[in-house]
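What you see is a predicted model, and the numbers here were worked out from it, not measured in a lab. Numbered from 1 within each chain, the chains take letters A, B, ... in sequence-line order.
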2 protein chains.
Amino acid sequence: MTRPTIHDVARVAGVSLSTVDRVLNDREGVRDKTRSRVLDAIGDLGFERNLAAANLSRGRRYRLCFILPDGQNSFMRALEQDVAEEAAAALRDFTVIETRKVPAFDAGALADLLRSLDPEAVDGVALVATDATVVRIAVRELRARGIAVVTLVSDLPGSEKQGFVGIDNVQAGRTAGSLLGRFCRGRAGRIAMVCGSMLVRDHAERRLGFEQVLRTEFPEQSLIAPIEGLDDKDRVRNQLAEKLAADPGIVGVYSMGAGNRGVAEALAALQPERHVSVVVHELTRYSREALLDGSFDAVLHQNSRSEVQGAIQLLRNLLDGQNPPPQVEPIRVEIYMRDNLP
Amino acid sequence: MTRPTIHDVARVAGVSLSTVDRVLNDREGVRDKTRSRVLDAIGDLGFERNLAAANLSRGRRYRLCFILPDGQNSFMRALEQDVAEEAAAALRDFTVIETRKVPAFDAGALADLLRSLDPEAVDGVALVATDATVVRIAVRELRARGIAVVTLVSDLPGSEKQGFVGIDNVQAGRTAGSLLGRFCRGRAGRIAMVCGSMLVRDHAERRLGFEQVLRTEFPEQSLIAPIEGLDDKDRVRNQLAEKLAADPGIVGVYSMGAGNRGVAEALAALQPERHVSVVVHELTRYSREALLDGSFDAVLHQNSRSEVQGAIQLLRNLLDGQNPPPQVEPIRVEIYMRDNLP
DNA sequence: ATGAAAGCGCTAACAT
DNA sequence: ATGTTAGCGCTTTCAT
């Protein structure tokens, strides 16, 4: 009923505590024969090291660095706030978290920052990735210096990052398509898409999923080429208003990036009897208002708080050297409508 | 940079370690004056006790008991499975979890089991509550014996339970209404409801939320009195098939309990050109199939794995005597459609 | 290559 | 009412 300790292992293997410790921590200076005796004892006893005791003894501290894009994007600012709050809580678990900001979409600046990280001062990094080769290279160098790396919200496929914490954006797009298709059922027409920029990986993935579903499941709707709003509300408003005015057959709008205030404004300008169903991303003050006044039908959301917690947990697990690296629960795409707002 | 320890507190307060310990753990035998000197030192230093070290020292173990309803309900069986898996993982954190099953809907049996729990053997209990006075009394007795109690999935309002881990069922019902109302837009008619039993609190709450939204937001639809299917697929199938045949104006179905196989079967029997939108609860093998073949439009789901993890965390926090008891992230109502199945 | 002993922050006898 | 001391399970010098 009481767990075996290294004392038990040492006794059964007929060695001292230090030798057991050497084996456990893969340190050298143990003969192969001794090592295997110890390993046998560990196996026989079903020994599992007490991580809390180990950390206490070595005075372990986890020094993490979160790297976020700077700028006015309200989702990113919420994320920053969540990091700050979780950082306070993490202190109790001997985890100190520092936040760094880099200009949005600036791969060079991000890579420079990554390169400047000193393994003497940082054990692990969580970054909102910009999808570029310089960043991949910088990540590889970080890993080479022994720093753990995970991506957050925006992934960096093909890099040496050890994990990703965020939503599956293709699936998010599929979900949007599934909802909007159903909302527009019986009103065949055209559906407009708004994105930040097709160069942003997340948006490209969302579009992919969205189009997949609409083409196969709701062929009565046709899609018009996406508006690139650059996450700027004025630009979004102007371009979308123009399209809506030019084409009275537009029955639905899917906005996959930021700048949702612009979408709401463009819709508000329509004649009241025209019904356009709308699905957007990220629950903010503005999208919330738009849900409540009926101009948006659904908002897809990712819980940034859970993402931060997930990244912290994943980094700590990586640093504890657990293998296989235990997966954290995947982040779900949440769906909000007027009637289930939190 | 290095956290203060009880040594620092003792030094600053000019007392011994034991006195600091007595103050920290609210033990008696400390003069008020001494106590306040210690408390001052703690405040000045910003001392926070190292829980890991404390637990190591006292050899703390958390002995938890999960109480689930017996029977064929596939959600509950999934829950049981999750408890088993989390129990294995929790062992590493010195948490031993025992699972007990009681006949479903049998308040007396549940109360008896609660009464039989020995504080010498159990520190905390998570129970799927049956809503009855005997259970409330048994919970009060548990608390009086010093056992921590939280409810899981199904709450027990008005009892002395210290927390609830599960979804907000009124909100779940509202979500269902919001979805189904939109899915049926343009096809005014009648909407049928299927529940397990109106005596089950969850189902009553879901109905409440559902009707709220339909009445206010989708008044073009009228609601017909719910079918009580007692979570039995055959009963559900027969009664629903009858209603659907009798009333060709039924355009939507909301099933808020178990027995979804019966719903799917009743729908399959309809003429292929008749379109009925369907929203049900709990993602299982069967509801999943029905989503894929197009007979269900959406499934509302609660993540039982998260619920189990939340209950474990909440109980441990309660037993650690944190105050105020830190809330765990609320469990979200997840929405699945054909195109975002996990 | 292996072992002995001190100590991480805290608790729990056992003194005084 | 307060202090001393020996651990909890593990790591880490420093010996041998």
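- Atom CZ in B/Arg60 sits about 15 Å away from atom C1' in C/dA12, given to the nearest Å.
- Within the nucleic acid shown, B/Arg27 comes within 4.0 Å of sugar-phosphate atoms alone, with no base atom in reach, counting heavy atoms only.
- Taking only side-chain nitrogens and oxygens, B/Asn55 never comes nearer than 4.0 Å to OP1 or OP2 of C/dC10.
- Atom CZ of A/Arg140 has 12 or fewer neighbouring heavy atoms from other residues, nucleotides or ligands inside a 6.0 Å radius.
- Rounding to the nearest 0.5 angstrom, the gap separating the OG1 atom in B/Thr99 from the CD1 atom in B/Ile67 is 10.0 Å.
- Following rounding to the nearest Å, B/Glu48 (CD) and C/dC10 (C1') show an atom-to-atom distance of 15 Å.
- Comparing atom distances between the A/Thr34 side chain and each of C/dT2, D/dT12, D/dC10 picks out C/dT2 as nearest.
- Geometrically, B/Arg60 engages B/Tyr62 in a cation-pi contact defined by less than 6.0 Å to the ring centre and at most 45° from the axis.
- Listed candidates were C/dC8, C/dA12, C/dG3. Nearest to the side chain of A/Leu56 is C/dC8.
- Note on A/Arg49: a side-chain N or O is less than 4.0 Å away from OP1 or OP2 of D/dT11.
- Per the geometry, CG belonging to A/Asp21 stands 17 Å off P belonging to C/dA5, to the nearest Å.
- Taking 4.0 angstrom as the limit, A/Ser16 places a side-chain polar atom (N or O) nearer than this to OP1 or OP2 of C/dG3.
- Both A/Gly59 and B/Ser57 lie near DNA chain C, and the one whose nearest nucleotide falls closer to the 5' end is A/Gly59.
- To the nearest angstrom, P of D/dC10 lies 10 Å from CD1 of A/Ile42.
- For the pair A/Leu17 CG and D/dA15 C1', the interatomic distance rounds to 16 Å; values are reported in whole Å.
- Salt bridge present: A/Asp21 and A/Arg27 bring a charged side-chain N and a carboxylate O closer than 4.0 Å.
- Atom CD1 of B/Ile147 and atom CG of B/Leu315 lie 11.0 Å apart (nearest 0.5 Å).
- Protein atom NZ of B/Lys33 is 14 Å distant from nucleotide atom C1' of D/dT2, rounded to whole Å.
- For B/Arg22 and D/dT2, a side-chain-to-base donor-acceptor distance below 3.5 Å is present, hydrogens and geometry of angles not being considered.
- No hydrogens or angles were tested; on distance alone, nothing pairs the side chain of B/Thr19 with the base of D/dA1 as donor and acceptor under 3.5 Å.
- Nucleic acid contact class of B/Val20 (heavy atoms, under 4.0 Å, all strands): none.
- Atom pair A/Arg61:CZ and C/dG9:P shows a separation of 11 Å (rounding to whole Å applied).
- The OG1 atom of B/Thr151 sits 5.0 Å away from atom NZ of B/Lys161, with the distance rounded to the nearest 0.5 Å.
- Contact between the side-chain N/O atoms of A/Arg31 and the OP1/OP2 oxygens of C/dT2 is found at a separation under 4.0 Å.
- The side chain of A/Asn50 places no N or O atom within less than 4.0 Å of a non-bridging phosphate oxygen (OP1 or OP2) of D/dC8.
- The separation between A/Ile6 atom CD1 and C/dG3 atom P is 13 Å, rounded to whole Å.
- Remark: the B/Ser18 side chain and the D/dT4 base include a donor-acceptor N/O pair separated by less than 3.5 Å.
- Both B/Val30 and B/Phe94 lie close to DNA chain D; mapped to their nearest nucleotides by heavy-atom distance, the more 5′-ward contact belongs to B/Val30.
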